[in-house]
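To start, the structure under review is shown below, and the notes come after it.
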Amino acid sequence: MQKALLIFFSSFMFSFVALAQSQDQGDARFHGYGTYGLRYHNFGVGAGIEYFFVDKFALMPSFTFVFPQVGNESNFSADLRYYVSEGPSQLYFMAGYSQTWQNTQPDGVGTRRNSKGANMGVGAYIRITDGVGLSTEFRFQSPLPREVGFRVGFAFPL
């Protein structure tokens, strides 16, 4: 956990050298976010890097640690995003691959479940300053536990 925090804060400090926030080919953003699931009411934290491989299209792999009431859970997602607007407030639609790992026992030993599936949703990136933006997303994930939820966090251009 300490390494993850160190990486997050290091990326945060380096992000202030970025001057532009656009959707042009070759641009990238680091995302740090929190999640909340509407079905099971579980919180989580995660991070990812968004890379624009073509204008208005981005790939974003991300990893999330979820904190259920019992056991532990983590999720990897690789999303394709299509931005439909430009400017300080940018709306996008996303779809992608998702894989979830769960352990339903409190002591770490027990029933392990690995499920794969898809996710889809809609989100927005809102520029706050040239070095920081607000990232929001509403998404559905098909792997168990089949959760609908929100992601809210900050994005930093690289």
Side-chain angles (χ1 to χ4, degrees), residues 1 3-5 7-12 14-15 18 20-68 72-103 112-128 130-158:
M1 186 65 173
K3 288 182 182 179
L5 289 174
I7 291 169
F8 175 77
F9 287 116
S10 297
S11 298
F12 179 79
F14 288 124
S15 70
Q21 292 184 358
S22 63
Q23 306 162 355
D24 298 329
Q25 182 176 354
D27 290 345
R29 297 177 184 147
F30 172 79
H31 292 256
Y33 55 84
T35 65
Y36 179 73
L38 297 176
R39 183 174 182 188
Y40 296 105
H41 308 287
N42 292 332
F43 290 97
V45 294
I49 294 183
E50 178 181 29
Y51 176 73
F52 289 88
F53 62 95
V54 178
D55 292 353
K56 296 189 179 186
F57 283 93
L59 287 175
M60 182 172 164
S62 62
F63 195 82
T64 305
F65 292 101
V66 181
F67 306 108
N72 56 45
E73 181 180 331
S74 58
N75 175 271
F76 170 76
S77 294
D79 301 326
L80 174 66
R81 295 178 170 189
Y82 173 66
Y83 282 82
V84 295
S85 64
E86 295 183 10
S89 179
Q90 303 168 1
L91 177 70
Y92 64 85
F93 295 101
M94 54 82 59
Y97 169 80
S98 184
Q99 184 165 1
T100 300
W101 296 272
Q102 288 181 309
N103 187 340
R112 294 187 185 271
R113 186 181 311 167
N114 178 2
S115 55
K116 301 171 186 140
N119 52 36
M120 62 183 154
V122 62
Y125 171 82
I126 303 163
R127 185 175 62 211
I128 298 172
D130 283 342
V132 179
L134 178 66
S135 177
T136 61
E137 188 172 279
F138 179 74
R139 65 175 23 217
F140 167 75
Q141 292 187 280
S142 70
L144 292 174
R146 292 190 177 95
E147 187 75 85
V148 173
F150 292 99
R151 281 185 175 185
V152 177
F154 293 102
F156 308 96
L158 300 177

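The figures here come from the full heavy-atom set of this structure, side chains too, leaving out hydrogens, waters and symmetry mates.
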Side chains of [X] and [Y]: does their closest heavy-atom pair fall under 4.5 Å?
{"X": "Asn75", "Y": "Gln141", "result": "yes"}
{"X": "Leu59", "Y": "Phe53", "result": "yes"}
{"X": "Ser142", "Y": "Lys116", "result": "no"}

**Message:** Strictly below 4.0 Å, N to O, side chains only: are Glu147 and Arg139 in salt-bridge contact?
**Reply:** no
**Request:** Only pairs at least two apart or in different chains count here, so list each salt bridge (charged side-chain N to carboxylate O under 4.0 Å, His left out) that has a residue in residues 38-50.
**Result:** Arg29-Glu50, Glu50-Arg81
**Request:** Kindly write out the residues that satisfy side chain to side chain donor-acceptor pair (under 3.5 Å) with Arg113, not counting sequence neighbours, or none if the list is empty.
**Result:** Gln102
What distance separates [X] [atom1] from [Y] [atom2], expressed to the nearest 0.5 Å?
{"X": "Ser98", "Y": "Phe140", "atom1": "OG", "atom2": "CZ", "result": "10.0 Å"}
{"X": "Asn114", "Y": "Asn103", "atom1": "CG", "atom2": "CG", "result": "12.0 Å"}
{"X": "Glu137", "Y": "Tyr125", "atom1": "CD", "atom2": "OH", "result": "14.5 Å"}

**Message:** For Phe150 together with Phe138, are the ring centres under 6.0 Å from each other?
**Reply:** yes
**Asked** Centres of the Tyr82 and Phe93 rings: under 6.0 Å?
**Response** no
[X]: side-chain contact (heavy atoms from CB on, under 4.5 Å) partners, not counting sequence neighbours:
{"X": "Ser115", "answer": "Thr100, Pro143, Leu144"}
{"X": "Thr35", "answer": "Tyr33, Thr64, Arg151"}
{"X": "Ile49", "answer": "Phe30, Leu158"}
{"X": "Phe63", "answer": "Phe65, Ser74, Phe76, Trp101"}

**Message:** Determine whether a donor-acceptor pair (N or O, by modelled atom type, separation under 3.5 Å) exists between the side chain of Thr136 and the backbone of Gly123.
**Reply:** no
**Request:** Would you please test Glu73 and Asn42 for side chain to side chain donor-acceptor pair (under 3.5 Å) and show each step?
**Result:** CA-CA 10 Å; Glu73 181 180 331; Asn42 292 332; 4.6 Å; no
Shortest non-hydrogen contact between [X] and [Y], atoms and distance:
{"X": "Met60", "Y": "Gly48", "value": "CE-CA, 4.0 Å"}
{"X": "Asn119", "Y": "Tyr97", "value": "ND2-O, 3.6 Å"}
{"X": "Val132", "Y": "Pro157", "value": "N-CD, 4.5 Å"}
{"X": "Arg127", "Y": "Asp130", "value": "CD-OD1, 4.2 Å"}
{"X": "Phe156", "Y": "Gly131", "value": "CD2-O, 3.5 Å"}

**Request:** Before giving the answer on side-chain contact (heavy atoms from CB on, under 4.5 Å), spell out for Leu80 and Tyr92 the whole-Å C-alpha distance, their side-chain angles and the decisive distance to 0.1 Å.
**Result:** CA-CA 10 Å; Leu80 174 66; Tyr92 64 85; over 6 Å; no
